[in-house]
There are 2 protein chains.
Amino acid sequence: MIMGNVSERRRQPPQVGVSVVILALGPAARADDRNDQTRGTLWMPLVRRVRQPFLGQWALPGGGLRADHSLEQSAYAALESTTSLHPRYLEQLYTFGDPSRSHGGLPMVSIVYWALVGGMDENVEFADGDNVSWFPVDHLPELAFDHREIVDYAMERLRGKIEYPDIVARLVGDRFTLSQLHDVYEAIAEEDIDLANFRRKMLASGLLEDTGDKLRVGRNRPATVYRYKQGTAQPTPWNVAESRTDFAASDIDPQDDALSALTTA
Amino acid sequence: MIMGNVSERRRQPPQVGVSVVILALGPAARADDRNDQTRGTLWMPLVRRVRQPFLGQWALPGGGLRADHSLEQSAYAALESTTSLHPRYLEQLYTFGDPSRSHGGLPMVSIVYWALVGGMDENVEFADGDNVSWFPVDHLPELAFDHREIVDYAMERLRGKIEYPDIVARLVGDRFTLSQLHDVYEAIAEEDIDLANFRRKMLASGLLEDTGDKLRVGRNRPATVYRYKQGTAQPTPWNVAESRTDFAASDIDPQDDALSALTTA
DNA sequence: ACAAAAGTGTTAGGGCTACACCCATGC
DNA sequence: GCATGGGTGTAGCCCTAACACTTTTGT
């Protein structure tokens, strides 16, 4: 721990950390929410702070940055420490470093990542752990530091990226009906999307593949189950982090990538 | 959030720095380029390294990060140290932090910014300073570290953002003809754009304003001079994230903008 | 038969592209 | 007049929104 008075602290090189905004598609908001729509919503896990400042408040999962780890690896480690789910997508979001955000603590630079994990259709429990709890993104508690702004920014980015099909592919399961996919889009966009047109657009994109299976949800007509075609994920500059074909970590050393080994599980 | 094990050497926190990719619209590439097109190109300044590693090679302008400065302020300082031009746009690009990129030096995290400065139509000289020189982006020398990939990434992002009109507004001068604006778009996109359609699209966007003036370039029909309407610059997600504290806010509000006051010189 | 969700057809409009065409100016 | 760049018109294409419609299932 670095000690010293305030002016000494200000001259210190800033501490560097990684935080992660983790998103998963889940059921519609809780029962105590009088909103009766059936549309699914996005959920995210938060951790309760166990020290000052902001002791007891909820915050984004995060951790320190080890000099011998890539940024992605550090982000992955932070993710793993809060949830057992494996990320389908991991991308650098933004780096925050204003002096004001440390609120009297040490000056801090946070490299924020953005992760998508599998959701409800795999009946994975959103297990609330020791100091971890899941919240619907539209009903978050008060957050520590400037984490609220960070979350808002992450959601903006997600909506901006909805057009990239591989992003959505990470939120849904491997196999899904068009209605389910449609629900995901609506959950992200937070607006109604014509199902008929959506269906055509998706099928016309040539990215989907009929699995041959059918899925009957209620007592209604069964829906055909699709999957994304292999190799669909185009390496946009963004999914760099995952695709490994891109420059972020890639060009430098695609070989020793612990992440990809872990995520293929 | 920071929990490094200080005793272990490899776990020491990395050094944090800021680098800047500075772009300006300039004349077509040099005479020794047998490419005879008249289309303007983008230029950027590089600094020659005066210490190891990569001593003598060209590198992106950069500097350390002071704990009492915002990231933008640090980027701005790095920019100022290499060129007297003032940025019309400054945006965070990406943060690089892989252990391998230091090439034997200290572990280094670089927060890279992206700056656009005014160009040729203001007959600003691309003054080559002591250890500073301007290069066309498509004819860069060998760069130190992984800076080449950083530049490539910056160019990708620029092309991806060409649709945001305020980005282009920062590259052209305050006043311009549609042909000049068209040239900028072609320089960025590196492909031909139908001038007739471009004109209509621009005018239809409602972002341009007729200044009433005309400009005659050769002996031809004079072209009407436009400017971007005030308040056109929509807060992209990026400078939103920034706008809370720092001078980047001035980027958004052209009114009390110290920068624009300086650039009109 | 009926309800509910899956899935199809159809039409109108907007935007974009390609390219033909007119306008103003200096020589 | 004629060359040159400024500026306009227009027809076709494709994509999309809107919404009516048919199909398949369980009850």
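Just so it is clear: chains get the letters A, B, ... in the order the sequence lines come, proteins before strands, and each one is counted from 1. Basis for what follows: all heavy atoms, side chains included, without hydrogens, waters or symmetry-related copies.
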Identify whether any heavy atom of B/S179 sits under 4.0 Å from a base atom; if not, whether one sits that close to sugar-phosphate; answer base, sugar-phosphate or nothing. sugar-phosphate
Rounded to whole angstroms, how far apart are CG on A/L195 and C1' on C/dA4? 13 Å
Parallel, tilted or perpendicular: ring planes of B/F176 versus B/Y228, cut at 30 and 60 degrees: tilted
Compute the ring centroids of B/W114 and B/Y94, then answer whether they are less than 6.0 Å apart. no
Counting only side-chain heavy atoms from C-beta out, which of C/dA4, D/dG9, C/dA6 sits nearest to A/A223? C/dA6
Please state how far atom CZ in B/F198 lies from atom P in D/dG5, giving the value in whole angstrom units. 18 Å
Ignoring hydrogens and geometry, is there a side-chain-to-backbone donor-acceptor pair from B/D194 to B/N197 under 3.5 Å? yes
Return the value, rounded to whole Å, for the distance between atom CG of B/N220 and atom P of D/dA3. 13 Å
Separation of B/K201 atom NZ from C/dT17 atom P, in whole Å? 6 Å
In this structure, which one of A/I188, A/L23, A/V21 forms a side-chain contact (heavy atoms from CB on, under 4.5 Å) with A/M155? A/L23
With distance as the sole criterion, do the side chain of B/R200 and the base of C/dG15 form a donor-acceptor contact below 3.5 Å? no
When the distance from CZ of B/F176 to P of D/dG6 is rounded to whole Å, what number comes out? 15 Å
Would you mind classifying the nucleic acid contact of B/R216 as base, sugar-phosphate or nothing, using non-hydrogen atoms under 4.0 angstrom? sugar-phosphate
By nearest nucleotide on DNA chain C, pick out whichever of B/A196 and A/R199 is the more 5' one. A/R199
Can you measure B/D194 atom CG to D/dG7 atom P for me and round it to whole angstrom units? 15 Å
Do the charged groups of A/E209 and A/R227 touch, with an N to O distance under 4.0 Å? yes
Nearest-neighbour nucleotide for the A/R221 side chain, C/dG7, C/dC19, D/dG6 considered: C/dG7
What is the distance, to the nearest angstrom, from the NE2 atom on B/H182 to the C1' atom on D/dG7? 13 Å
Of the candidate nucleotides C/dG7, D/dG5, D/dG6, which contains the atom at the shortest distance from the side chain of A/T224? C/dG7
For the pair made of CG in A/N197 and P in D/dC19, what is the distance, rounded to whole Å? 11 Å
